Amino acid sequence: YGVDIARGAGIPYLTILDTDGNVVASQGTASLEVRKRRRKGHDPAKVLDLLVANQAPYPSAEVVLSAALADAKAQEKHVFLYFSAPGSAAGRDLQSWLESAPAAPLLAKDLLIVKIDVQRTIGGKDLLWCLREDGEKSLPWFAVLDVDGNPLATSEGADGKNVQFPSDPAEIAHFQGVLRKSATRLAEVDVEALGSSLTDLCEKAAQDKALEKTPSDEPAGG
């Protein structure tokens with residue numbers, strides 16, 4: 001990549017590249033080290049300052065969506081667009097599930113998955129409120145869009161409630177209904193497999209939570 005490393009620079013040596021492989025920043029880490037007695041390593045605040053100073057600009061929601069719709073049209077697919085925020089635990093759960101097996105390969109048959117961070121994507125909140133009806137502001141919120149950007153189905157049920165991350169039988173059934181209404185390549189066996197995946201995941205989470213609350217049988221140390 002043509003990184004020009006200063007003579008005598010030690011390791012680790014940091015280089016930040018843009019998406020085209022061009023060098024944005026390149027430097028040794030000596031200046032980031034903690035310089036106090038009895039403390040070794042790198043100062044987290046200095047490392048964070050370096051990363052923030054060289055972070056990529058926030059994308060535009062309009063550009064992100066336009067590119068996704070163009071790709072969807074070329075691939076004859078629909079867009080699964082979801083909105084989340086860094087502080088949303090349900091949003092992290094949804095993203096993790098969407099990127100896992102069997103969800104990722106099954107959904108990829110018919111959908112392009114696109115995430116909009118309402119805090120970090122420019123115009124993210126405005127796009128969200130252009131698509132969803134007035135009501136509760138819970139996140140994540142999702143919609144399946146056709147290639148013209150029209151919602152075919154959303155995460156809001158008949159009662160207007162947003163299911164967020166589908167985690168109970170009614171919410172999972174709604175998610176499956178979204179797929180049945182909007183998908184063209186997903187077979188019923190695929191929809192059932194996705195529902196079973198969500199059910200298994202939520203049951204395991206409930207079991208893990210129950211185990212955390214179960215008091216230990218081991219006697220307390222004396």
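Here the structure is a predicted model, which means the values were calculated and not measured.
A continuous path of ILVMFWY side-chain contacts below 4.5 Å connects Val178 to Val191, so both sit in one hydrophobic cluster. Leu112 and Ile116 fall into different hydrophobic clusters, defined by Ile, Leu, Val, Met, Phe, Trp and Tyr side-chain heavy atoms under 4.5 Å apart, directly or through other members. One hydrophobic cluster holds both Val118 and Val79 under the rule that ILVMFWY side chains link at heavy-atom gaps under 4.5 Å. Following chains of ILVMFWY side-chain contacts shorter than 4.5 Å, one cannot reach Leu48 starting from Leu50, and the two form parts of different hydrophobic clusters. In terms of hydrophobic clustering, with Ile, Leu, Val, Met, Phe, Trp and Tyr side chains grouped at heavy-atom distances under 4.5 Å, Leu186 and Leu81 are assigned to different clusters.
Within the 3.5 Å criterion, the main-chain N or O of Asn150 finds no donor-acceptor partner in the side chain of Asp148. Judged by distance alone, with hydrogens and angles left aside, the side-chain atoms of His174 form a donor-acceptor pair with the main-chain N or O of Thr154 at under 3.5 Å. No donor-acceptor distance shorter than 3.5 angstrom exists from the side chain of Asp117 to the backbone of Thr121, with no hydrogens or angles considered. Between the side chain of Ser100 and the main chain of Trp97, a donor-acceptor pair closer than 3.5 Å is present.
Within the 4.5 Å cutoff, no side-chain heavy atoms of Asp110 are placed close to those of Asp190. Between Asn162 and Arg132, some side-chain heavy-atom pair lies under the 4.5 Å cut-off. His42 places none of its side-chain heavy atoms less than 4.5 Å from the side chain of Val34.
Applying the salt bridge (charged side-chain N to carboxylate O under 4.0 Å, His left out) test to every pair with at least one member in residues 52-80, sequence neighbours left out, gives these pairs: Glu76-Arg185. Applying the ring-ring contact (aromatic ring centres under 6.0 Å, His included) test to every pair with at least one member in residues 191-213, sequence neighbours left out, gives no pairs at all. Legend: side chain to side chain donor-acceptor pair (under 3.5 Å) pairs involving residues 80-93, not counting sequence neighbours: none detected. Residue pairs meeting the ring-ring contact (aromatic ring centres under 6.0 Å, His included) criterion with at least one partner in residues 45-80, sequence neighbours excluded, are Phe80-Phe142.
Of all non-hydrogen atoms in Ser26 and Thr15, the two that sit nearest each other are OG-OG1, 3.4 Å. Taking each heavy atom of Ala193 and Leu106 in turn, the nearest pair found is CB-CD1, 4.0 Å. A pairwise comparison of heavy atoms in Leu131 and Gly149 identifies CD2-O, 4.3 Å as the closest pair. When all heavy atoms of Leu139 and Ala85 are compared, the pair lying nearest together is CD1-CB, 4.1 Å. When all heavy atoms of Gly28 and Tyr13 are compared, the closest pair comes out as N-CE1, 3.3 Å.
For Lys125, the NZ atom sits in a loose shell: 12 or fewer heavy atoms of surrounding residues, nucleotides or ligands are nearer than 6.0 Å.
A salt bridge is defined here as a Lys NZ or Arg NE, NH1 or NH2 lying under 4.0 Å from an Asp or Glu carboxylate O, and Lys204 with Asp208 meets this definition. A salt bridge links Arg180 to Glu192: at least one charged side-chain nitrogen sits closer than 4.0 Å to a carboxylate oxygen. Looking at Lys161 and Glu156, no side-chain N of the basic residue comes within less than 4.0 Å of a carboxylate O on the acidic one, giving no salt bridge.
We find the CG-CG distance between Leu111 and Leu98 to be 9.5 Å, quoted to the nearest 0.5 Å. Summarising the geometry, atom OG belonging to Ser182 is positioned 9.5 Å from atom CG belonging to Leu145; distances are rounded to the nearest 0.5 Å. Taking CD1 of Ile172 as the reference point, atom CG of Leu198 lies at 5.0 Å (rounded to 0.5 Å). Annotation: the span from Gln55 atom CD to Leu51 atom CG amounts to 9.0 Å, rounded to 0.5 Å. Put simply, CG on Leu179 and OG1 on Thr184 are 11.5 Å apart, with the number rounded to the nearest 0.5 Å. Distance check, rounded to the nearest 0.5 Å: CG of Leu17 to CG of Asn22 gives 8.0 Å.
Partners of Lys46 according to the side-chain contact (heavy atoms from CB on, under 4.5 Å) rule, which considers only residues two or more places apart in sequence or in another chain, are Leu32, Asp43. A search for side chain to side chain donor-acceptor pair (under 3.5 Å) contacts involving Gln27 returns Ser31, not counting sequence neighbours.
Using cut-offs of 30° and 60° on the angle between ring planes, the pair Phe83 and Trp141 is tilted.
The closest side-chain donor-acceptor pair between Glu99 and Gln95 falls under 3.5 angstrom.
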